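Nothing here was measured: the structure is a model prediction, and the numbers come from that model. Side chains included, hydrogens not; waters and symmetry mates left out as well; all remaining heavy atoms used.
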Amino acid sequence: MGEYEEYQLAEREAMERTIKLLSKGLLRESKEELDYAGISTYLHNLYGGAENILKHILKHCGIRIALSDGWHKELLMVAINQGIVSESLADKLRAYLRFRHFFIHGYGFMLESELLIPLAEKAEAVFRQFFKEIELYTEKSKIR
């Protein structure tokens with residue numbers, strides 16, 4: 001297994017573990033502020049993992065992203081333009097990107113469960129779709 005595959009596998013394994021922990025957190029019946037903070041951390045970790053995978057693919061393909069204030073949005077646009085992810089998946093990922101911005105720049109006690117929980121409940125399906133699209137792109141592009 002080459003460096004590309006090893007990196008992708010390690011990142012995916014970390015994301016898979018995070019999905020399991022997120023699911024476990026969602027099962028807790030009576031949630032408190034610390035539960036919401038944990039769920040938020042897992043969501044942030046999942047989106048960060050997706051960005052890491054996209055950056056790694058682009059780097060492997062010789063495509064650079066300028067590290068500007070808007071590079072997170074640009075990363076998704078380039079991933080769409082390169083056929084790495086679909087527009088429909090990117091639309092779903094943008095919700096996690098917006099959440100990431102709040103997570104980084106906000107305070108944990110400001111989390112609103114009405115917004116957080118639906119995002120967390122959809123996370124497994126969204127990131128499984130992400131894995132599937134990455135696999136398809138890797139196979140189609142014969143990246144190794």
Side-chain angles (χ1 to χ4, degrees), residues 1-29 31 33 35-108 110-144:
M1 183 180 302
E3 181 270 333
Y4 176 84
E5 291 102 342
E6 286 178 16
Y7 181 89
Q8 296 292 326
L9 181 61
E11 198 68 55
R12 181 170 176 165
E13 285 174 353
M15 290 176 72
E16 291 281 3
R17 183 171 180 193
T18 302
I19 288 169
K20 286 180 186 169
L21 292 168
L22 175 61
S23 296
K24 187 176 175 181
L26 285 171
L27 290 175
R28 291 178 55 99
E29 277 194 40
K31 294 176 186 59
E33 282 184 7
D35 296 305
Y36 294 123
I39 289 168
S40 296
T41 299
Y42 294 142
L43 289 176
H44 177 262
N45 293 158
L46 284 171
Y47 188 76
E51 282 192 336
N52 290 342
I53 287 172
L54 292 174
K55 288 186 300 186
H56 189 252
I57 290 170
L58 293 174
K59 180 181 175 186
H60 189 78
C61 294
I63 300 167
R64 303 186 112 222
I65 298 290
L67 292 180
S68 64
D69 288 341
W71 77 264
H72 298 278
K73 289 179 186 175
E74 183 183 346
L75 179 64
L76 270 181
M77 290 306 301
V78 172
I80 294 166
N81 294 338
Q82 294 297 316
I84 300 169
V85 298
S86 65
E87 182 70 53
S88 66
L89 175 58
D91 284 342
K92 294 171 189 172
L93 290 172
R94 284 185 187 100
Y96 295 90
L97 173 58
R98 287 188 296 275
F99 176 78
R100 179 210 162 277
H101 182 80
F102 174 80
F103 183 86
I104 296 294
H105 300 287
Y107 289 92
M110 297 170 71
L111 295 167
E112 296 180 28
S113 62
E114 301 82 30
L115 300 174
L116 176 66
I117 296 303
L119 201 59
E121 289 173 340
K122 295 174 188 169
E124 182 171 3
V126 170
F127 290 97
R128 296 235 178 269
Q129 182 182 352
F130 175 79
F131 297 147
K132 185 177 180 179
E133 290 191 18
I134 294 302
E135 287 172 14
L136 289 172
Y137 177 80
T138 299
E139 288 171 14
K140 180 178 73 177
S141 302
K142 297 182 172 62
I143 299 176
R144 298 284 172 236

Please name the pair of heavy atoms, one in [X] and one in [Y], separated by the smallest distance, quoted to 0.1 Å.
X     : Y      : result
Lys31 : Gly25  : CE-O, 3.6 Å
Ser88 : Gln129 : OG-NE2, 4.0 Å
Ser68 : Glu74  : OG-OE1, 4.4 Å
Ala90 : Leu76  : O-CD1, 4.1 Å
Leu22 : Ala120 : CD2-O, 3.8 Å
Ser23 : Glu124 : OG-OE1, 3.9 Å

Problem set entry | Stepwise side chain to side chain contact (heavy atoms under 4.5 Å, CB included) test for Gln8 and Ile53 | CA-CA 6 Å; Gln8 296 292 326; Ile53 287 172; 3.0 Å; yes
Problem set entry | Pair His44-Phe102, side chain to side chain contact (heavy atoms under 4.5 Å, CB included): steps then yes or no | CA-CA 10 Å; His44 177 262; Phe102 174 80; over 6 Å; no
Exercise. Should the pair Glu87-Arg94 be classified as a salt bridge under the 4.0 Å nitrogen-to-oxygen rule?
Worked result: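 A salt bridge links Glu87 with Arg94.
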Check whether any side-chain heavy atom of [X] lies under 4.5 Å from a side-chain heavy atom of [Y], and answer yes or no.
X      : Y      : answer
Phe99  : Leu115 : no
Ile39  : Ile117 : yes
Leu54  : Val78  : no
Glu121 : Leu26  : yes
Cys61  : Gln82  : no
Lys59  : Ile65  : no
Asn45  : Leu21  : no
Tyr7   : His60  : no

Problem set entry | Neighbour count >12 (heavy atoms, 6.0 Å) for atom CG, Asn81 |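 It does: Asn81 CG has more than 12 such atoms within range.
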Can you tell me how far apart [atom1] ([X]) and [atom2] ([Y]) are? Round to the nearest 0.5 Å.
X      : Y      : atom1 : atom2 : value
Glu51  : Leu46  : CD    : CG    : 12.0 Å
Leu75  : Ile57  : CG    : CD1   : 9.5 Å
Ser113 : Asp35  : OG    : CG    : 11.0 Å
Lys73  : His101 : NZ    : NE2   : 8.0 Å
Ile84  : Leu136 : CD1   : CG    : 12.5 Å
Phe103 : Leu43  : CZ    : CG    : 9.0 Å

Exercise. Any side-chain donor-acceptor pair under 3.5 Å between Ser86 and Glu133?
Worked result: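 Their side chains do contain a donor-acceptor pair, which is all the 3.5 Å distance test asks for.
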For this session: Applying ring pair (Phe, Tyr, Trp, His ring centres under 6.0 Å) between Phe127 and each of Tyr96, Tyr47, Tyr42, report the one that passes.
Result: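 It is Tyr96; the other options fail the test.
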Exercise. Quick one: does Glu5's side chain have a donor or acceptor within less than 3.5 Å of a partner on Gly2's backbone?
Worked result: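 Yes, the answer is positive, given that a donor and an acceptor are paired below the 3.5 Å cut-off.
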For this session: Verify whether the ring centers belonging to Tyr4 and His56 lie closer than 6.0 Å.
Result: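 Ring centroids of Tyr4 and His56 are less than 6.0 Å from each other.
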Problem set entry | salt bridge (charged side-chain N to carboxylate O under 4.0 Å, His left out) partners of Glu16, counting only residues at least two apart |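 Here the qualifying residues are Arg12, Arg128.
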